[in-house]
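For the single chain, residues carry numbers from 1 onward in sequence order. Small disclaimer: the values here were computed from a predicted structure and weren't measured.
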Amino acid sequence: MVWQKIFCSCCLLTLGLAWVLAKPPPDKKDRVHHGQDLSDHPHDDSEDFQYDHEAFLGKEESKTFDQLSPEESKERLGKIVDRIDRDGDGFVTQPELKDWIKHTQNRYVYENVGKNWKEYDKDNDGRVSWAEFKNASYGYYEGEEFGDLDNKESYQKMLARDERRFKAADTDGDMIMTREEFTAFLHPEEFDHMKEIIVTETIEDIDKNGDGFVEVEEYLGDMYSPDSGEPEPEWVKTERQQFLDYRDLNKDGKMDREEIGHWILPPDYDHAEVESKHLIHESDKDKDGRLSWEEFMESLQQSMNSAKEYEQTLKMLRAHQEL
């Protein structure tokens, strides 16, 4: 069974490489905000539980757990279960599990906010004012109205753009951001109330003639700059057809705000919702619609044992290849 798993993984890797080679070059811009996958592994419990393992712990944290002894992993998992059980009733519900998986999925967002927070919260009051942000980002130049800079207009546009986004993220309008508001400022794609700002900024970037719409040549020009006399690559022809068939929904030859929003912020498959329901279904032995501490720990231990077996087999194969 283990060898079958590895064989399937190799086949998937081969197919993935073939798909990558058929894609546009890596410098092609991708404006679409994709929802993050919970794991790079196939979701098939008949083969292994690696997907569930990474979905629950996160891709990086799962690697750490793989190195722990059974006693250490059980102790740390118990602490995590206590954090998931927000109301402290001794059970984990599907909404609680979904929120945890989303938290794990977005850990990179919180880490990025943490790295930037101290840079802007200069007075350490737990908030970031517009003055603090502006001074940290533009202070040296902005005080003199960017007077000595050759690209003064670019800086002025950047400042105006940041101020507009700051105001959109500042939901109470006091021009002072809490950590949550600051997260929305840095990662607007994660917040529904910031979506209009993302659309506006995208139009400003691509709409070269300033009419408020994105035409097919502007759409292509954002991702491809042809050399003189160079024939149009196949992937550009495909993108042109994609614009006509799927981007320009009302077939008027251009994308309006609604169509641009549909393109760059597509409705996502909710991985956390599906995975949380799946874990409840697979682990809920008494079928009461929730997981007791014992049910949860048994399920987690099973997924961790499977993940360790998978990693050990990979190491064995790599060692064999090196001989």
- Message: A cation-pi test, strictly: NZ or CZ of Arg179 under 6.0 Å from the centre of the six-membered ring of Trp117 and no more than 45 degrees from its axis. Yes or no?
- Response: yes

- Mind running side-chain contact (heavy atoms from CB on, under 4.5 Å) on Phe191 and Thr183 for me, showing each step along the way? CA-CA 9 Å; Phe191 296 82; Thr183 303; 3.8 Å; yes

- What do you reckon, is NZ of Lys251 surrounded by more than 12 foreign heavy atoms closer than 6.0 Å? yes

- Message: Would you say that Asp121 contacts Arg127 through its side chain, given a criterion of any heavy-atom pair below 4.5 Å between the two side chains?
- Response: no

- Query: Is Glu204 salt-bridged to Arg161, going by a charged N under 4.0 Å from an acidic O?
  - Reply: yes

- Query: How far does CZ of Phe166 sit from CG of Leu159, to the nearest 0.5 angstrom?
  - Reply: 12.0 Å

- Any side-chain heavy-atom pair of Val128 and Phe185 under 4.5 Å: no

- Task: Under the salt bridge (charged side-chain N to carboxylate O under 4.0 Å, His left out) rule, what do Glu215 and Lys208 come out as? Steps first, then yes or no, please.
- Result: CA-CA 9 Å; Glu215 300 171 1; Lys208 301 306 181 184; over 6 Å; no

- Query: So Val236 and Thr238, side-chain contact (heavy atoms from CB on, under 4.5 Å) or not? Walk me through it.
  - Reply: CA-CA 5 Å; Val236 176; Thr238 300; over 6 Å; no

- Note on the structure: Nearest heavy-atom approach of Asp170 to Ile176 is OD1-O, 3.4 Å

- Message: I'd like to know if the side chain of Glu132 reaches the main chain of Asp123, judged simply by a donor and an acceptor atom lying under 3.5 Å from each other, with no hydrogens or angles considered.
- Response: yes

- Query: Would one find more than 12 heavy atoms of other residues, nucleotides or ligands at under 6.0 Å from atom NE2 of His281?
  - Reply: no

- Distance, nearest 0.5 Å, that separates OH of Tyr120 from OG of Ser137: 3.5 Å

- Nearest heavy atoms of Asp288 and Phe91, plus distance in Å: OD2-CE2, 4.3 Å

- Message: Under the criterion salt bridge (charged side-chain N to carboxylate O under 4.0 Å, His left out), I'd like the reasoning laid out for Glu232 against Lys237: C-alpha separation, chi angles, the key distance, then a yes or no.
- Response: CA-CA 7 Å; Glu232 189 170 85; Lys237 294 178 182 178; 5.8 Å; no

- Do the non-hydrogen side-chain atoms of His187 and Met194 ever get within less than 4.5 Å of each other? no

- Item | Within one Ile-Leu-Val-Met-Phe-Trp-Tyr cluster: Met158 and Trp130, side-chain cutoff 4.5 Å | yes

- Tyr246, Trp263: one ILVMFWY side-chain cluster at the under-4.5 Å cut-off? no

- Message: Within the 4.5 Å heavy-atom criterion, are Arg86 and Asp99 side-chain neighbours or not?
- Response: yes

- Do Ile197 and Val113 share a hydrophobic cluster, counting only Ile, Leu, Val, Met, Phe, Trp and Tyr and linking them when any side-chain heavy atoms are less than 4.5 Å apart? no

- Item | Residues in ring-ring contact (aromatic ring centres under 6.0 Å, His included) contact with Tyr110, at least two apart in sequence or another chain | His103

- Message: Is there a path of hydrophobic side-chain contacts, each under 4.5 Å between heavy atoms of I/L/V/M/F/W/Y residues, joining Ile80 to Ile101?
- Response: yes

- Task: Please check if atom CD in Glu163 has more than 12 non-hydrogen atoms from other residues, nucleotides or ligands closer than 6.0 Å.
- Result: yes

- Looking only at non-hydrogen atoms, find the nearest pair between Ile260 and Val199 and report the distance. CG2-CG1, 4.1 Å

- Item | Point-to-point distance, once rounded to the nearest 0.5 Å, from CD of Glu259 to CG of Asp256 | 4.0 Å

- Task: Would you mind reporting whether Glu96 and Arg290 have side-chain heavy atoms less than 4.5 Å apart?
- Result: no

- Message: Just so I know, are the side chains of Ser129 and Met175 near enough to count as touching, which here means a heavy-atom distance under 4.5 Å?
- Response: no

- Item | Lys122 to Ala136 - nearest heavy-atom pair and separation | CE-CB, 4.2 Å

- Query: Are Lys134 and Asp162 within salt-bridge range, i.e. N to O under 4.0 Å?
  - Reply: no

- Task: Verify the distance criterion only: is there a donor paired with an acceptor across the side chains of Glu295 and Ser283 at less than 3.5 Å?
- Result: no

- Note on the structure: Taken to the nearest 0.5 Å, the spacing of Glu190 CD from Lys195 NZ works out to 10.0 Å

- Message: Check this for me, if you would: do Lys277 and Glu273 make a salt bridge, where the nitrogen-to-carboxylate-oxygen distance has to be below 4.0 angstrom?
- Response: yes

- Carboxylate-amine/guanidinium proximity below 4.0 Å for Glu153 and Lys157: no

- Starting from the C-alpha separation in whole Å, work towards a yes-or-no answer on side-chain contact (heavy atoms from CB on, under 4.5 Å) for Leu244 and Asp248. CA-CA 6 Å; Leu244 299 174; Asp248 178 19; 5.5 Å; no

- Is it the case that more than 12 heavy atoms not belonging to Lys115 sit under 6.0 Å from its NZ atom? no

- Message: Ring centroids only, cut at 6.0 angstrom: are Phe182 and Phe133 within range, meaning strictly under it?
- Response: no

- Message: So if I apply the side chain to side chain donor-acceptor pair (under 3.5 Å) rule between Tyr219 and each of Gln242, Glu239, Lys254, Arg240, which one comes out positive?
- Response: Glu239

- If you measure from CD on Glu181 to OG1 on Thr171, what distance do you get to the nearest 0.5 Å? 4.0 Å

- Nearest 0.5 Å please: distance from the CG atom of Leu291 over to the CG atom of Asp284. 5.5 Å

- Message: Between Glu201 and Arg164, is the side-chain contact (heavy atoms from CB on, under 4.5 Å) condition met? List the steps.
- Response: CA-CA 10 Å; Glu201 291 177 356; Arg164 182 180 60 203; 3.8 Å; yes

- Task: Would you sort out whether Asp205 and Arg31 count as a salt bridge (charged side-chain N to carboxylate O under 4.0 Å, His left out), showing the intermediate values?
- Result: CA-CA 11 Å; Asp205 290 341; Arg31 294 278 180 182; 3.0 Å; yes

- Message: Just checking His262: does its NE2 atom have more than 12 heavy atoms from other residues, nucleotides or ligands closer to it than 6.0 angstrom?
- Response: no

- Query: Which pair of heavy atoms, one from Thr93 and one from Ile280, lies closest together, and at what distance?
  - Reply: C-CD1, 4.2 Å

- Task: Answer with yes or no whether the hydrophobic clustering places Leu249 together with Phe213; edges join I, L, V, M, F, W, Y residues whose side-chain heavy atoms lie under 4.5 Å apart.
- Result: no

- Item | Candidate pair Arg257 and Thr200, rule side-chain hydrogen bond (donor to acceptor under 3.5 Å, both in side chains), full reasoning | CA-CA 8 Å; Arg257 291 188 64 89; Thr200 297; 3.0 Å; yes

- Query: Can you name the nearest heavy-atom pair linking Glu230 to Tyr224, along with the distance?
  - Reply: OE1-OH, 2.8 Å

